[in-house]
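Please read the structure below before turning to the comments.
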Amino acid sequence: MSDFAIVILNWNGKQLLEQFLPFLIKYSVGATIYVADNASTDDSISFVRTHFPSVKIIINDDNYGYAAGYNRALETVTEPYLALVNSDIEVTENWLFPIKELFDQNQKITIIQPKILDFKDKSKFEYAGAGGGYIDRFGFPFCRGRIFDTVEADLGQYNDSRPVFWASGACFFIRRIGFEELNGFDADFFAHQEEIDLCWRARNRGFEVYYCGQSTVYHVGGATLDYQNPRKTYLNFRNSLFMLLKNLPRKNLFLMIFIRLCLDGMAGIKFLFQGNPKHCLAVIQAHFDFYRKASYYFKKRAGKQQEDYYYCQSIAKQYFIEKKNYFKQIL
C-alpha cells in the first residue's frame, strides 16, 4: 500500500482534470490518486475513467461542498497520509518527498501545507495559502506572502519549514489518523474556512500544523468559485464567526465576538461605498445566520481552547492604518 492518498474533489471540473491530472500522475509515482466526485452533471468522471484508468473514482450522491464532500469521500480511503488537492492545482517534481520527510521527523505534525504559488504568475505567491497561514486576535486570516490584497513575489524568503496556524485547503496534507480523531471537517461549513477551523481544533488537541517550503505547487485560484462572488463573501463571513464561537478561549469570548461583529459591519459599509451592494447584503445575511445558529455552534465547543492562537492583535489595523503590507513588518 502506498503512503499517500491524493484526493481531488471534483464538481463539473472536466477541463481542470484534463489540464492538471497529467502533472499529478507524472510527479506522484507510488501514490494512490483518487477523484472524488460531488454529483457532477458533466462528463468529467467518464473522461477520467477513459483517459486515466489508474485513477480511482469515489462517487458522492450529491454536491456536499468541500467539507462534507471530503468527509464522505475519505471514509473509504486507507492510506496513512491524505493529500487533499484542488482540481486547479499543478504539482511539481518531487513535491511529495519533503512532505513525507517532515511527517516522519515529528509524529506531532498532523497537518502540512506546501508553498503555494500563483499559476497565472508563477513568480508570485497565491492568495489562498501562500507561505502558510495565521490569524489575528479577531480571527482574520492572513498568510506569509499575502496580506489582504498585497501578494509578494517568491524570492526564496519562505523556503523554510515551520509551524503555522493554518494550512490552505487548496493543497492540504493530513495524517489519516488525525483526520479521523478530529472527526474531519465541520460539514455545516459547506465550503470556506473549514480548513482553518480544522487546524484550530487540531492545535487545541495538541497537534502541530506546519508549512513546508521545499514542496511547491501552483494554484489557479477562483476556478470553482470566483473571489468576486457574493456567495463566497457570505460563506467566508458566516463561517469565520462560527469558527470563532467554536474555538476561541472562553476568556473574553463574547467580547471578541462582539468586536468581530462590529468589524464585519464596517466591512459591509465599505462594500456599499465601493459600489458592491450584493457583498454588503452577503455580510448582513451571514450575520443573521450567525445569530440564528449561534447556540448550535456554541455546543460544538470541545476540549481546552488555547490562549496563544493569534499572531498579532489586528492585521487590519497594521495593514490599513499603519501601512504594513508585508509579513516581515507584522508585529
Side-chain angles (χ1 to χ4, degrees), residues 5-9 11 36 38 64-74 77 81-89 99 103 109-116 125-136 139-146 163-176 178-205 207-212 215 217 219-225 227 232-248 297 300 302 309-311:
I6 302 170
V7 187
I8 302 168
L9 192 65
W11 183 70
N38 256 350
Y64 293 104
Y66 183 100
Y70 265 123
N71 287 352
R72 288 172 175 264
L74 296 175
V77 175
Y81 302 123
L82 308 175
L84 315 185
V85 180
N86 275 18
S87 55
D88 59 347
I89 287 280
I99 303 293
F103 273 134
I109 297 177
T110 302
I111 298 169
I112 301 175
Q113 178 203 298
K115 179 194 290 187
I116 302 179
F125 285 92
E126 210 279 317
Y127 189 90
Y134 297 86
I135 61 172
D136 71 4
F140 287 106
F142 60 98
C143 307
R144 295 197 306 167
R146 188 274 298 170
V164 293
F165 187 85
W166 60 271
S168 171
C171 191
F172 187 96
F173 290 86
I174 185 168
R175 295 182 191 269
R176 180 175 55 81
F179 189 82
E180 292 171 352
E181 188 171 339
L182 293 163
N183 295 315
F185 295 110
D186 187 332
D188 290 322
F189 278 41
F190 186 78
H192 301 295
Q193 306 272 346
E194 67 283 293
E195 78 269 48
I196 305 179
D197 171 71
L198 182 62
C199 289
W200 202 338
R201 288 188 283 120
R203 293 180 81 255
N204 282 337
R205 293 283 286 271
F207 299 144
E208 296 183 5
V209 181
Y210 259 71
Y211 163 81
C212 180
S215 175
V217 301
H219 184 211
V220 174
T224 54
L225 188 57
Y227 293 124
K232 187 181 183 78
T233 298
Y234 161 75
L235 289 170
N236 274 321
F237 277 81
R238 185 200 68 170
N239 291 350
S240 183
L241 290 169
F242 289 151
M243 178 180 67
L244 293 175
L245 190 58
K246 289 174 59 180
N247 297 296
L248 278 173
Y297 277 90
K300 291 191 177 191
Y309 65 92
Y310 57 92
Y311 187 83

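What you see is a predicted model, and the numbers here were worked out from it, not measured in a lab.
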- Item | Inter-residue atom distance Ile135.CD1 - Met243.CE, 0.5 Å rounding | 5.5 Å
- Task: Any chance you could measure Lys246, atom NZ, to Leu244, atom CG, to the nearest 0.5 Å?
- Result: 11.0 Å
- Under 4.5 Å between any side-chain heavy atoms of Leu198 and Phe172, yes or no? yes
- Does Gly169 offer a backbone N or O that forms a donor-acceptor pair with the side chain of Glu195 under 3.5 Å? yes
- Item | Salt bridge Lys300-Asp188, side-chain N to carboxylate O under 4.0 Å | yes
- Query: Say you draw a straight line from CG of Leu84 to SG of Cys171; how long is it, rounded to the nearest 0.5 Å?
  - Reply: 8.5 Å
- Message: Under the rule for side-chain hydrogen bond (donor to acceptor under 3.5 Å, both in side chains), what residues qualify as partners of Ser168, not counting sequence neighbours?
- Response: none
- Of all residues at least two apart in sequence or in a different chain, which pass the ring-ring contact (aromatic ring centres under 6.0 Å, His included) check with Tyr66? Tyr70, Phe185
- Message: Return the OG to CZ distance between Ser215 and Phe173, rounded to the nearest 0.5 Å.
- Response: 5.5 Å
- Message: With ring-ring contact (aromatic ring centres under 6.0 Å, His included) as the test, pick out the partner of Phe165 among Phe140, Trp200, Tyr134, Tyr211.
- Response: Trp200
- Query: Is the closest side-chain heavy-atom distance between Cys212 and Pro114 below 4.5 Å?
  - Reply: no
- Query: Asn239 side chain to His192 main-chain N or O, any donor-acceptor pair under 3.5 Å?
  - Reply: yes
- Message: Among residues at least two apart in sequence or on other chains, which ones pass salt bridge (Lys or Arg N to Asp or Glu O under 4.0 Å) with Arg144?
- Response: Asp160
- Using the test side-chain hydrogen bond (donor to acceptor under 3.5 Å, both in side chains), find all partners of Asn247 that sit at least two apart in sequence or belong to another chain. Asp197
- Message: Using a 6.0 Å distance limit plus a 45 degree cone around the ring axis, check whether Arg146 lies over the aromatic ring of Tyr127.
- Response: yes
- Would you say the side chain of Pro141 lies within less than 4.5 Å of the side chain of Ile196, judging by non-hydrogen atoms? yes
- Query: Would you say Val7 and Leu74 make side-chain contact, with heavy atoms under 4.5 Å?
  - Reply: yes
- Message: Working to the nearest 0.5 angstrom, can you tell me the gap between Ile99 CD1 and Tyr210 OH?
- Response: 13.0 Å
- Query: What pairs with Asp136 under salt bridge (Lys or Arg N to Asp or Glu O under 4.0 Å), at least two apart in sequence or on another chain?
  - Reply: none
- Query: Would you call Ile8 and Asn86 a side-chain contact if the rule is heavy atoms closer than 4.5 Å?
  - Reply: no
- Item | Leu248 vs Tyr309 side-chain heavy atoms within contact, under 4.5 Å | yes
- Message: Within the structure provided, determine whether Val220 and Ile89 are in side-chain contact (heavy-atom separation under 4.5 Å).
- Response: no
- Counterpart residues, side-chain hydrogen bond (donor to acceptor under 3.5 Å, both in side chains), relative to Arg238 (two or more places apart): Tyr234
- Shortest non-hydrogen separation from Asp186 to Ala67 and the atoms involved: O-CB, 3.4 Å
- Are any side-chain N or O atoms of Arg175 and backbone N or O atoms of Phe103, one a donor and one an acceptor, separated by less than 3.5 Å? yes
- Item | Side-chain (Asp88) to main-chain (Gly221) donor-acceptor, under 3.5 angstrom | yes
- Message: Here's one to test your reading of the geometry: is the NZ or CZ of Arg176 within 45 degrees of the ring axis of Tyr81 and under 6.0 Å from its centre?
- Response: no
- Answer yes or no: is there a side-chain heavy-atom contact under 4.5 Å between Phe207 and Cys199? no
